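Below: one structure, written as structure tokens.
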Amino acid sequence: MFKIYFNFYLCFFILLLLHSKSKMNSRKNIIPISPSLGVFGKFKMGRNREKSSKERLLFISMLSVGVAAVISLIAKVLVSLINLVTNISFYQRFGFDFQSPADNHLGLWVILVPVIGGVIVGLMALYGSKAIRGHGIPEAMEQVLTNQSRIKPAIAILKPVSSAIAIGTGGPFGAEGPIIATGGALGSTLGQLFTVSPNERKIILAAGATAGMSAIFGTPLAAVFLAIELLLFEFSARSIIPVALACITGAAGHHLLFEAGPVFPMPALLPPSNAALGLYSFIGILVGFASLGLTKIVYIIEDAFEKIPLHWMWWPAIGGLAVGIVGYFAPRTLGVGYDNIISLLSGQLSISVILSLCLFKFISWAIALGSGTSGGTLAPLMTIGGASGAALGYLLHNFFPALDISIPMSALVGMSAMFAGASRAYLTSILFALESTHQINGLLPLLGACSGAYLISVFFMKNTIMTEKIARRGVHTPDSYEPDLLLKLRVSEVMDKNPVFISPYNTIAEVRRYFGENPPVENQYAVKEPTGDCLGAVSVLDLFQPSADTEKEILSITKPLNARVKDSDSLKNTLGVMSLHQVESLMVFSSRDEGAFEGLLSYRDVVRAYHVNHESESRTGRNLSLDRQTKKIIVRGKRMMADRRP
């Protein structure tokens, strides 16, 4: 499979490089900064020029694939580094193979290991970058929404190293959060090196972030939807294509650098009955309520750390102390815990072990995350959700033994519902569960459970675990992806078709008297000949200038409206014309009859269109009346009976 990926991308790069080289030969005025960068010279050295959307799409796709290839290697390095730190910390040996920290024999000394890791992470945050604190995705969202997707390049190095230390010393986090943050930082850095727009930089950032997730788990489709739901906040070809190519590249890296097959293998699931499907959906609702409490407690703990009279550098060490104490009594809570997820999905754990894992993993993770250390949330949420689902599955199986409730299926829907409720990444949660387990028969239970958890989250929680932190800083996160209103509306729907015109033969004094009795509502008014020709526009500011000669005709202060649009143009193009010519009004001409004047369009009309469209979209009402339809049927029936009578 990797050879197929490699050959595809090799051809893609060769065609793109040849295309770029041919374009460079026709642009002699651009000097590359070095011979090796000659292909990219026009993007690095040239000024902002109009380029076709196809060229930009190819260029952004190329950068996204390049970032994905690099982040795939970094994902392997990160996992190896976590294993190395784990082996050194818990087993005092040098090795890159996976060994669960739960099997350690350190005794009470195990409590100090996470504390040491917390101290190191705190020092790295203090002397490196404070941005390495947290679980990665909210920080990336904030940069996308507020900082034009600009992330400091140092994060691409500091984040994986700090996370490897935090997780390798027992931190109850997953590797996906750090690799998402690292991929986003790498994509943002590349987007700052080349001449790209903020929106294109956002796409490269999202491509790097989701390619990292795809490289860790081998779930490219779920990674694409993670970008849509949590990073891009849009659904368009210009953004989806580069991200999809990056996620495919990340999946190819996973197949090359990690083990083949599902990352969370589990027994084959049978299609559920209708009654069992209803109970799985009920599990999703209960897990949705659990996700509410989980999110609130995490931020209560974070607020509590804010009140500690110690410098924030020491907070990860305090969180590490809690991790160590919990890990001493419940060793399964230490480290990444992907093996715990596999055990839950196998259905082989006893109910006591499941409840212990659910409770203690939550305590350890919530305190560590609230302390501001470096780590991810996806693996802990899946572990806690999987344990909750498995426990509920045991309970329902005892109450309804005839329905054949599957414990592995219950764990799977609980795992997915917890992520859906806590993050509201609805489609990502479902697709991730399917891709990471290869269990297609889980689709319907996952849809029901995630729908229930999502609805509970929407009705009872204002923000999610991903957005609460940035919402407190005043950053609003979009919750819907709607078409651009400026592209949807046409000039003919917005323009003033019967504007107030001024005759060019009126004097300035006459027009002043008119506006004295009828206060102006626009900043500019069109000047129109009796024959219908529009000569231009006069500004109210010019009209009331003290130095103006009031005996002169209005034509003396009329300025021609060189900028014009057609009634079929979109508002987006129209606003571009306004900005280019720096005018507040435009003459509108017919697209059918060239030269026929249709009306005027001002910026006030555009603002009014936004308001009217919003009102019409939110206004409720009925288009069909059952009473009216019933009466029509009765009348029609009477007519038919009358026609049949002899």
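Being a predicted model, the structure only gives us computed values, none of them experimental. The figures here come from the full heavy-atom set of this structure, side chains too, leaving out hydrogens, waters and symmetry mates.
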Just so I know, are the side chains of [X] and [Y] near enough to count as touching, which here means a heavy-atom distance under 4.5 Å?
| X | Y | result |
| --- | --- | --- |
| R201 | F194 | no |
| Y426 | F225 | no |
| I203 | S239 | yes |
| L378 | F419 | yes |
| R238 | N199 | yes |

Not counting sequence neighbours, which residues clear salt bridge (Lys or Arg N to Asp or Glu O under 4.0 Å) with [X]? List them please.
| X | result |
| --- | --- |
| E302 | none |
| R490 | none |
| D339 | none |

Passes side chain to side chain contact (heavy atoms under 4.5 Å, CB included), I82 versus F98? Steps please. CA-CA 9 Å; I82 291 173; F98 171 74; over 6 Å; no
Kindly give the heavy-atom pair with the smallest separation between [X] and [Y], and that separation in Å.
| X | Y | answer |
| --- | --- | --- |
| I167 | G174 | CD1-O, 3.5 Å |
| A433 | L446 | CB-CD1, 3.7 Å |
| S61 | I241 | OG-CG2, 4.1 Å |
| P445 | V413 | CB-CG1, 3.7 Å |
| I283 | G389 | CG2-CA, 4.2 Å |
| A420 | Y454 | O-CD1, 4.3 Å |

Counting only heavy atoms not in F282 (residues, nucleotides, ligands), do more than 12 fall under 6.0 Å from its CZ? no
Kindly compute the distance separating [atom1] ([X]) from [atom2] ([Y]), expressed to the nearest 0.5 Å.
| X | Y | atom1 | atom2 | answer |
| --- | --- | --- | --- | --- |
| L434 | Q439 | CG | CD | 9.5 Å |
| M415 | I384 | CE | CD1 | 13.5 Å |
| I71 | T249 | CD1 | OG1 | 12.5 Å |
| L277 | M409 | CG | CE | 9.0 Å |
| S162 | I157 | OG | CD1 | 11.5 Å |
| L269 | I440 | CG | CD1 | 11.0 Å |

Show me the donor-acceptor pairs within less than 3.5 Å that the side chains of residues 74-81 make with the rest of the protein, sequence neighbours left out.
residue	atom	partner	partner atom	Å
K76	NZ	L257	O	3.1
S80	OG	K76	O	2.9

Please list every donor-acceptor pair under 3.5 Å in which a side-chain atom of residues 178-190 meets a protein atom from a residue at least two apart or in another chain.
residue	atom	partner	partner atom	Å
T182	OG1	P178	O	2.7
S188	OG	S149	O	2.6
S188	OG	I151	N	2.8
S188	OG	Q192	NE2	3.0
T189	OG1	A185	O	2.7

With sequence neighbours left out, the residues meeting ring-ring contact (aromatic ring centres under 6.0 Å, His included) with Y280 are none
Test ring-ring contact (aromatic ring centres under 6.0 Å, His included) applied to F289 - qualifying residues, sequence neighbours left out: F460
Test side-chain hydrogen bond (donor to acceptor under 3.5 Å, both in side chains) applied to S343 and S346, step by step: CA-CA 5 Å; S343 299; S346 68; 5.3 Å; no
Residue pairs involving residues 411-424 (criterion side-chain hydrogen bond (donor to acceptor under 3.5 Å, both in side chains); sequence neighbours excluded): R424-S457
Closer than 3.5 angstrom, by distance alone: can the side chain of [X] be matched with the main-chain N or O of [Y] as a donor-acceptor pair?
| X | Y | result |
| --- | --- | --- |
| N441 | L270 | no |
| S163 | K159 | yes |
| S410 | A390 | no |
| E435 | A222 | yes |
| S214 | A211 | no |
| E229 | L226 | no |
| Y299 | I465 | yes |

May I ask you to check whether Y338 and F217 place their ring centres under 6.0 Å from each other? yes
Listed by chain and number, what are the side-chain contact (heavy atoms from CB on, under 4.5 Å) partners of P172, not counting sequence neighbours? V323, K361, S364, W365, A368
side-chain contact (heavy atoms from CB on, under 4.5 Å) partners for I297, two or more places apart: I301, F362
Side-chain atoms of residues 62-70: list all donor-acceptor pairs with protein atoms under 3.5 Å, sequence neighbours left out, distances to 0.1 Å.
residue	atom	partner	partner atom	Å
S64	OG	I60	O	2.8

CA sep, side-chain torsions, deciding dist, call: L392, V287, side chain to side chain contact (heavy atoms under 4.5 Å, CB included): CA-CA 9 Å; L392 290 170; V287 172; 4.2 Å; yes
Under the side chain to side chain donor-acceptor pair (under 3.5 Å) test, which residues partner T574, sequence neighbours left out? none
What verdict does the side chain to side chain contact (heavy atoms under 4.5 Å, CB included) test give for I456 and L286, after you've listed the backbone C-alpha separation in whole Å, the side-chain angles of each residue and the deciding distance to 0.1 Å? CA-CA 9 Å; I456 295 299; L286 296 180; over 6 Å; no
Can you check side chain to side chain contact (heavy atoms under 4.5 Å, CB included) on T467 and T464, steps first, answer last? CA-CA 5 Å; T467 62; T464 70; 3.2 Å; yes
